[in-house]
2 protein chains.
Amino acid sequence: MGTKERRLRDFAEREQRFLTAARELIVQDGLLNLQMSRVAEKCDYAVGTLYQHFVSKEDLLLALATDQSQGRVQMFERVRDWKASSRDRMLGFALADMMLARRCPDHFRLLQFTFTEVVWGAAPEARRQACMDMHRPLRQATLDVIDDALRSGELQARGLSIEQICLAPWALAVGLHAIVHHEGLLEQYSIREPYQLMLRHLSDLLNGMDWKPLADTSDTAAYDELAARFSREVMNEDLDL
Amino acid sequence: MGTKERRLRDFAEREQRFLTAARELIVQDGLLNLQMSRVAEKCDYAVGTLYQHFVSKEDLLLALATDQSQGRVQMFERVRDWKASSRDRMLGFALADMMLARRCPDHFRLLQFTFTEVVWGAAPEARRQACMDMHRPLRQATLDVIDDALRSGELQARGLSIEQICLAPWALAVGLHAIVHHEGLLEQYSIREPYQLMLRHLSDLLNGMDWKPLADTSDTAAYDELAARFSREVMNEDLDL
DNA sequence: ATCGTTTTTTGAATCTCATTCAGTATGCGC
DNA sequence: GCGCATACTGAATGAGATTCAAAAAACGAT
């Protein structure tokens with residue numbers, strides 16, 4: 001019976017349309033002004049139909065954040081499989097985020113908001129689980145690279161687990177995204193290229209962890225070169241720092 | 001004319017009572033369930049009176065976050081003035097945050113929420129400004145320590161401004177707070193003592209920046225010792241890691 | 001102390017959405 | 001074409017933030 005399958009496919013398709021509409025509305029009017037009825041209207045459906053997909057607004061937001069993360073996950077996996085040193089791949093994760101942040105800064109803002117107690121706590125358990133599941137490979141990619149580094153001897157565990165090691169670059173990245181997307185903050189402190197700076201700080205951190213080969217972190221040309229290689233070999237695109 | 005002054009004092013006092021009530025309600029029922037009418041009721045005032053102080057819920061939340069930051073600012077200033085190496089003082093900032101996070105984890109959750117586009121963008125400009133003003137000395141304390149380090153030669157700028165250097169530990173801290181306060185996340189990855197780990201990662205970062213004197217970051221006893229000294233000399237209290 | 005004026009407080013009414021659900025339509029097997 | 005099941009609809013509901021006209025309190029001059 002193919003009927004049921006088609007139904008399911010249609011349903012999934014419609015869900016995507018809702019998510020796309022929501023994304024567009026957020027870009028247009030800001031997260032602040034997102035209204036459920038507008039999302040439904042934009043897709044020419046009644047609100048009730050929208051609520052067949054998402055039991056609440058928080059549910060929708062978390063679903064959107066999860067959906068948007070797909071691209072990021074894929075990027076991270078490509079970075080993991082990149083033919084580059086473990087160290088360069090760690091920087092590669094940061095480069096991937098840089099690209100993404102350029103392409104759609106709203107994604108990180110949404111992520112920040114949905115991870116807030118208010119939204120996360122109000123979303124249904126199933127959706128939270130789905131969000132975690134979506135992010136698992138992203139995290140795994142990072143852990144894999146750390147594991148590679150340990151195995152190859154480029155990095156010493158010094159008593160830490162892979163997860164514990166991972167916390168450092170992870171926190172650095174999360175923090176930077178939060179700071180960057182908090183409008184008006186960085187301008188005030190006259191920091192122009194936060195993500196470029198981020199590469200350097202991450203590199204300093206890796207040096208501090210004694211992650212071989214150690215780098216001269218003040219060599220800005222090296223970052224440009226790495227970025228160029230990254231866009232060529234990972235993105236097949238141009239990325240101007 | 002003392003009347004006007006007294007009015008102002010009373011007004012400010014009442015504002016504090018509203019903020020305290022809000023804080024208590026948040027602790028009790030969670031940020032999610034905070035209601036303006038409850039805050040007013042708890043103080044035996046009508047909602048309208050509450051709205052004389054805060055033009056919106058967002059305004060109240062941001063005011064609360066700002067108010068709660070006072071203690072943190074004072075701590076940071078005490079750390080800056082601590083008779084310790086610039087490096088230890090940087091770790092001291094992290095220790096101060098650790099204490100605060102223990103005492104009232106809600107503070108960081110609230111901060112995270114208010115810095116979200118949705119709240120920040122909906123709060124009135126004046127309140128945003130007040131929040132920034134409150135945080136300025138906090139940031140300044142960090143910048144001062146970095147400046148000390150540069151002057152004493154414990155740290156080399158290597159082409160970066162003080163603000164740019166500051167971004168690294170700042171992002172690390174913000175990121176860690178965000179991760180820690182996102183419930184259910186760390187447990188999943190079996191990280192038990194994130195803040196303790198944080199000290200080590202921060203220390204690694206400082207090593208990577210070549211911040212003298214370089215430390216053996218795997219020497220956990222050293223952190224305990226530092227923490228003990230911190231509680232004795234900065235807090236005059238006991239802090240168990 | 002009394003009165004007119006100004007300021008503050010009040011809380012019921014209003015308004016804005018998110019959310020629901022009784023009614024309607026549509027699809028499907030017979 | 002019929003009857004059942006499933007999906008869709010959007011007006012009605014509900015929760016809670018916000019407003020504002022009326023009431024009360026504070027003030028200050030007489």
Side-chain angles (χ1 to χ4, degrees), chain A residues 1-19 21-22 25-26 28-64 113-114 116 118-124 127, chain B residues 1-15 17-19 21-22 25-26 28-64 113-114 118-124 127:
Chain A
M1 169 134 338
T3 307
K4 195 154 199 179
E5 275 184 13
R6 178 175 51 75
R7 278 274 179 80
L8 249 59
R9 194 155 26 78
D10 286 355
F11 193 79
E13 227 170 71
R14 192 170 60 184
E15 188 150 313
Q16 275 306 317
R17 252 182 292 142
F18 279 137
L19 291 175
L25 284 172
I26 289 173
Q28 196 179 98
D29 308 328
L31 194 47
L32 191 54
N33 302 307
L34 185 72
Q35 281 173 232
M36 293 301 269
S37 56
R38 293 263 184 80
V39 175
E41 191 182 23
K42 181 151 188 173
C43 299
D44 294 312
Y45 279 104
V47 264
T49 308
L50 180 57
Y51 274 87
Q52 296 224 309
H53 293 262
F54 312 101
V55 303
S56 69
K57 190 175 178 179
E58 287 78 16
D59 192 17
L60 168 66
L61 287 176
L62 193 48
L64 181 55
F113 184 55
T114 51
T116 262
V118 174
V119 178
W120 186 261
R127 191 68 71 179
Chain B
M1 165 127 351
T3 306
K4 195 155 198 178
E5 274 184 13
R6 178 175 51 75
R7 279 273 179 80
L8 248 58
R9 196 154 27 77
D10 286 355
F11 193 78
E13 229 170 69
R14 191 172 59 185
E15 188 149 315
R17 251 182 294 142
F18 279 137
L19 290 176
L25 284 172
I26 289 173
Q28 197 181 101
D29 309 328
L31 193 47
L32 191 56
N33 302 307
L34 186 72
Q35 280 174 232
M36 294 301 270
S37 55
R38 293 264 183 81
V39 176
E41 192 182 21
K42 180 153 189 170
C43 298
D44 295 311
Y45 279 104
V47 266
T49 308
L50 180 57
Y51 274 88
Q52 295 227 307
H53 293 263
F54 313 103
V55 303
S56 68
K57 190 175 179 178
E58 287 77 17
D59 191 16
L60 168 66
L61 287 176
L62 193 48
L64 181 56
F113 184 55
T114 50
V118 174
V119 178
W120 186 260
R127 190 69 70 179

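Per chain, numbering begins at 1; letters A, B, ... match sequence-line order. Excluded from the calculations below are hydrogen atoms, water molecules and symmetry mates; all remaining heavy atoms, backbone and side chain alike, are included.
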Which nucleotide wins on minimum distance to the side chain of [X], given the candidates [options]?
X        : options                   : value
Gln35(A) : dA7(D), dT8(C), dC17(C)   : dC17(C)
Arg7(B)  : dC17(C), dT7(C), dT19(C)  : dT7(C)
Ser56(A) : dA17(D), dC8(D), dT19(C)  : dT19(C)
Tyr51(B) : dT19(D), dA18(C), dG16(D) : dT19(D)

Within residues 37-49 of chain B, the residues having a heavy atom closer than 4.0 Å to DNA chain C are Tyr45(B), Ala46(B), Val47(B), Gly48(B), Thr49(B)
Measure the distance from [atom1] on [X] to [atom2] on [N] and round it to the nearest whole Å.
X        : N       : atom1 : atom2 : result
Phe54(B) : dA17(D) : CZ    : P     : 15 Å
Arg17(B) : dT9(C)  : CZ    : P     : 11 Å
Glu58(A) : dA18(C) : CD    : P     : 10 Å
Phe11(A) : dG27(C) : CZ    : P     : 17 Å
Leu8(A)  : dG27(C) : CG    : C1'   : 16 Å
His53(B) : dT8(C)  : NE2   : C1'   : 10 Å
Gln52(B) : dT6(C)  : CD    : C1'   : 14 Å
Asp29(B) : dG16(D) : CG    : P     : 11 Å

May I ask you to test the Leu64(B)-Ile26(B) pair for a side-chain heavy-atom distance under 4.5 Å? yes
Output the distance between atom CG (Asp59(B)) and atom CG (Leu50(B)), rounded to the nearest 0.5 Å. 9.5 Å
Atom CG of Leu19(A) and atom CG of Leu61(A): how far apart are they, to the nearest 0.5 Å? 10.0 Å
In terms of heavy-atom contacts, Val55(A) and Pro124(A) come closest through CG2-CG, 3.8 Å
Looking at Glu58(A) and Ala122(A), what are the two nearest heavy atoms and their distance? CG-CB, 3.5 Å
Of all residues at least two apart in sequence or in a different chain, which pass the ring pair (Phe, Tyr, Trp, His ring centres under 6.0 Å) check with Tyr51(B)? none
With Phe18(A), which residues qualify under ring pair (Phe, Tyr, Trp, His ring centres under 6.0 Å), at least two apart? Tyr45(A), His53(A)
Global bending angle along the helix from dA1(C)-dT30(D) to dC30(C)-dG1(D), which compares the axes of five pairs at either end, to 10 degrees: 0°
Do the side-chain N or O atoms of Arg14(B) get closer than 4.0 angstrom to the phosphate oxygens (OP1, OP2) of dT8(C)? no
Only counting residues at least two apart or in another chain, list the ones meeting salt bridge (charged side-chain N to carboxylate O under 4.0 Å, His left out) with Glu15(B). Arg127(B)
Counterpart residues, side chain to side chain contact (heavy atoms under 4.5 Å, CB included), relative to Gln35(A) (two or more places apart): Ser37(A), Arg38(A)
Tell me what Leu34(B) touches on the nucleic acid: a base, only sugar-phosphate, or nothing, going by heavy atoms under 4.0 Å. sugar-phosphate
